[in-house]
Structure formats: C-alpha cells, structure tokens
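Here is the structure we will look at, set down as structure tokens.
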Amino acid sequence: MTVLADSPADEVLWRRVDWMRAGTAVLLDACGQLDDTDPGRPSALSGWTRGHVLAHLAQNATALLNLLSWARTGVITPMYASPQARAGDIEAGATLTMPALLSGLRVTAAKLDQAVTTLPAQAWPATITTASGREAPASIVPWMRVREVWVHAIDLDLGLGFSDIPDDIGRALIDDMAALMSPRVDGPAFAVRPGAAAGAAAAPIVVGAGLPSREIAGSTADLTAWLSGRATPAALGDPAALPTLPAWL
C-alpha cells in the first residue's frame with residue numbers, strides 16, 4: 001500500500017518504499033527456483049555462494065529493522081554489533097539449508113515491510129547511523145533496502161540482469177553510486193551519462209572531485225552494472241581504457 005504524500009519529501013520516501021516492495025517481489029519470485037538447489041553453488045558475486053547472498057539479505061533486513069527501532073524509540077540500536085559479527089553471521093548463515101535460508105529471507109522481508117508501514121510519521125526524520133558510520137534520517141532505510149534487493153537479486157545468478165531493473169531505479173542507483181564513490185576516486189573526476197545508448201541521454205553525473213576529464217555514455221543498465229563492480233559491458237568500450245573504480249559500498 002502506498003501512503004499519499006503530504007510533501008515532496010514524503011513523496012520521495014513512499015516512492016522508495018514502492019521500489020523496495022517491487023524489488024522484494026522480484027527477488028522472492030526469482031528465489032522460487034532455489035527450493036531444491038545447493039546453497040553452496042557459486043553466486044555471480046565473487047567469493048560468495050548463493051547461501052552467502054541469501055544469508056546477507058536476511059541479516060540486512062534485520063539490521064534495517066534495528067535502525068527503524070532506533071528511530072521509533074530513540075534507543076541507539078546499531079545495524080550490526082560489529083563488522084566482525086556481521087561477517088561471522090553471514091558465514092554461519094551460508095551453511096544453512098536452502099529451505100531455512102529462503103524461510104529466513106521471506107520472514108525478515110515481511111517484518112521489515114511491516115515496520116516501514118507502521119513507523120510513525122514523526123520517526124522518519126530521526127537521525128540514525130548506518131554501518132558505514134554515516135549519519136542520516138531514518139527515511140534512508142527504504143532506499144538502503146532498494147539497493148540490496150535489486151542488486152543482490154542479480155547476484156544470485158538466476159537469470160536476472162541489470163536490464164531488469166526499471167530505468168528510474170537504475171538512474172537512482174547511479175546517482176547513489178556517484179555520490180558514495182566520489183570522495184574515494186583516485187584520479188581525475190569523470191562523468192557518466194545514462195540513457196545515451198537508448199537515444200534519450202540524461203544530464204551527465206560527475207564521479208569524483210572537480211571538472212570531469214572525460215565522459216562515459218551508455219545505457220542505464222550498462223552503467224549500473226559497471227559502477228556496481230559487477231561487469232564491464234562491451235558497449236562501454238575497452239575495459240582497460242575505463243577509469244578505475246573505487247568500491248561503491
């Protein structure tokens with residue numbers, strides 16, 4: 001259910017909630033293929049099995065529930081106890097059976113959706129701190145889940161690709177990647193122009209500090225795949241000639 005917006009900020013929040021719900025539906029639908037498969041099979045994410053991805057997604061939902069609890073109660077509730085605890089929990093979760101992993105994914109996704117739906121309006125502006133140490137309003141939580149469900153649905157290697165991400169979500173992902181990468185770019189700034197390959201180019205988005213030294217144009221899907229570190233589509237040109245990217249998250 002989408003709540004009618006009373007302000008532009010509310011409109012952005014509930015659009016992101018819609019994106020979160022759509023991505024969760026796509027993810028869970030794709031996971032219908034996994035009931036009888038081995039969670040130890042490799043995912044498309046280097047170093048992680050499908051079990052790792054599923055365990056992380058469930059634990060991420062629980063971590064975001066912690067942030068919403070923080071916003072609602074005012075009691076400091078970090079996403080994770082520590083980076084080491086987060087990593088250890090993913091490794092332990094990856095050893096579960098596929099039915100257990102899928103059950104955990106569904107249950108935690110439903111709990112997160114319920115918490116988003118019922119969070120009092122006055123709690124959304126409350127300041128929380130993400131796992132990276134960034135202070136932000138609680139209204140960032142649905143967007144944080146948008147990133148997880150859409151990109152990790154592709155990482156499960158079940159036939160989904162970046163072209164399956166709706167263009168408006170893809171462009172929002174590119175904006176997010178550019179903002180988070182820019183302080184870590186080691187070298188000249190560059191710009192990306194999504195949509196150029198489809199003949200409907202958007203304004204360039206600068207990655208890094210200062211005036212961009214070059215521009216990389218391509219489809220929203222190709223640029224999202226590249227900036228996320230998942231792939232370097234041939235349409236973007238010679239991989240060796242493209243800028244070296246810092247980590248996104």
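Residue Asp238 qualifies as enclosed at atom CG: its count of foreign heavy atoms under 6.0 Å is above 12. The number of heavy atoms from other shown groups lying within 6.0 Å of CG (Asp186) does not exceed 12.
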* Output, in order, the C-alpha distance, side-chain angles, deciding distance and verdict of side-chain contact (heavy atoms from CB on, under 4.5 Å) for Val146 and Arg15. => CA-CA 11 Å; Val146 169; Arg15 181 169 67 248; over 6 Å; no

* Passes side-chain contact (heavy atoms from CB on, under 4.5 Å), Phe162 versus Leu223? Steps please. -> CA-CA 9 Å; Phe162 283 90; Leu223 289 172; over 6 Å; no

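Between Arg171 and Asp167 there is a salt bridge, since a side-chain N of the basic residue sits under 4.0 Å from a carboxylate O of the acidic one.
With hydrogens and angles ignored, the 3.5 Å screen pairs a side-chain donor or acceptor of Thr224 with a backbone N or O of Thr220. Although no hydrogens or angles enter the test, the distance criterion places a donor-acceptor pair under 3.5 Å between the side chain of Gln33 and the main chain of Leu158. Side chain of Ser213 to main chain of Ala189: a donor-acceptor pair is present (N/O by atom type, distance under 3.5 Å, no hydrogens or angles). In this structure, the side chain of Asp29 does not engage the main chain of Val26 through any donor-acceptor pair within 3.5 Å. Looking at Thr49, its side chain does come within 3.5 Å of a backbone N or O of Pro39 through a donor-acceptor pair. The backbone N or O of Ala100 sits nowhere less than 3.5 Å from a side-chain atom of Ser103 that would complete a donor-acceptor pair.
The distance from the CG atom of Leu156 to the CG atom of Leu54 is 5.0 Å, given to the nearest 0.5 Å. Atom OG1 of Thr77 and atom CG of Leu68 lie 10.5 Å apart (nearest 0.5 Å). With rounding to the nearest 0.5 angstrom, the CZ atom of Arg41 is 8.5 Å from the CE atom of Met98. From Ile140, atom CD1 reaches atom OG1 of Thr127 across 11.5 Å, with rounding to the nearest 0.5 Å. If you take CG on Leu67 and CG on Leu119, they are separated by 11.0 Å, rounding to the nearest 0.5 Å. Note that CD of Glu135 and CD1 of Ile128 are 9.0 Å apart. Values are rounded to the nearest 0.5 Å.
Considering all non-hydrogen atoms of both residues, Pro137 and Pro125 come closest at CB-O, 3.9 Å. The shortest non-hydrogen separation linking Gly159 to Asp164 is O-OD2, 4.2 Å. Summarising the geometry of Gly40 relative to Asp38, their closest heavy-atom pair is N-OD1, 2.8 Å, with the distance given to 0.1 Å. Residue Ser182 comes nearest to Gly208 through the heavy atom pair OG-N, 2.9 Å, listed as atom of the first residue, atom of the second, then distance. Summarising the geometry of Ala109 relative to Ala61, their closest heavy-atom pair is N-CB, 4.4 Å, with the distance given to 0.1 Å. Of all non-hydrogen atoms in Leu64 and Met79, the two that sit nearest each other are CD2-CE, 3.8 Å.
Cation-pi check for Arg147 over Trp150 is not met; the charged atom does not lie both under 6.0 angstrom from the ring centroid and within 45 degrees of its normal. The side-chain tip of Arg86 points at the ring of Tyr80 from less than 6.0 angstrom away and within 45° of straight on.
The closest side-chain heavy-atom distance from Val75 to Ser69 is not below 4.5 Å. Side chains of Ser139 and Trp14 form no contact here, defined as non-hydrogen atoms less than 4.5 Å apart. A heavy-atom distance below 4.5 Å is found between the side chains of Met181 and Leu227. Contact annotation: the side chain of Cys31 approaches that of Leu105 to within less than 4.5 Å [non-hydrogen atoms, C-beta and beyond]. When side chains are defined from C-beta on, Asp113 counts as touching Met20, because their heavy atoms get closer than 4.5 Å. Looking only at side-chain heavy atoms (C-beta outward), Pro166 and Ile169 come within less than 4.5 Å of each other. By the 4.5 Å heavy-atom criterion applied to side chains, Pro243 and Trp226 are counted as neighbours. Looking at heavy atoms from C-beta onward, Leu13 lies out of side-chain contact with Trp143 at the 4.5 angstrom threshold.
By the rule that hydrophobic residues join a cluster once side-chain heavy atoms approach within less than 4.5 Å of another member, Val206 and Ile216 end up as members of separate clusters. Hydrophobic clustering of Ile, Leu, Val, Met, Phe, Trp and Tyr side chains at less than 4.5 Å, counting indirect connections, keeps Ile205 apart from Leu211. One hydrophobic cluster holds both Met144 and Ile76 under the rule that ILVMFWY side chains link at heavy-atom gaps under 4.5 Å. Using a 4.5 Å cut-off between side-chain heavy atoms of Ile, Leu, Val, Met, Phe, Trp and Tyr, with links allowed through other members, Ile174 and Leu242 fall into the same hydrophobic cluster.
In the model, Trp248 has a side-chain atom that pairs as donor or acceptor with a side-chain atom of Asp176 under 3.5 Å. Under the 3.5 Å distance criterion, with hydrogens and angles disregarded, no donor-acceptor pair is assigned to the side chains of Thr24 and Arg106.
Between His56 and His152, the ring planes are perpendicular. Angles over 60° get that label, and only those under 30° would be called parallel.
Of the options Arg230, His52, Arg50, a side chain to side chain donor-acceptor pair (under 3.5 Å) to Asp155 is made by Arg230 and by none of the others.
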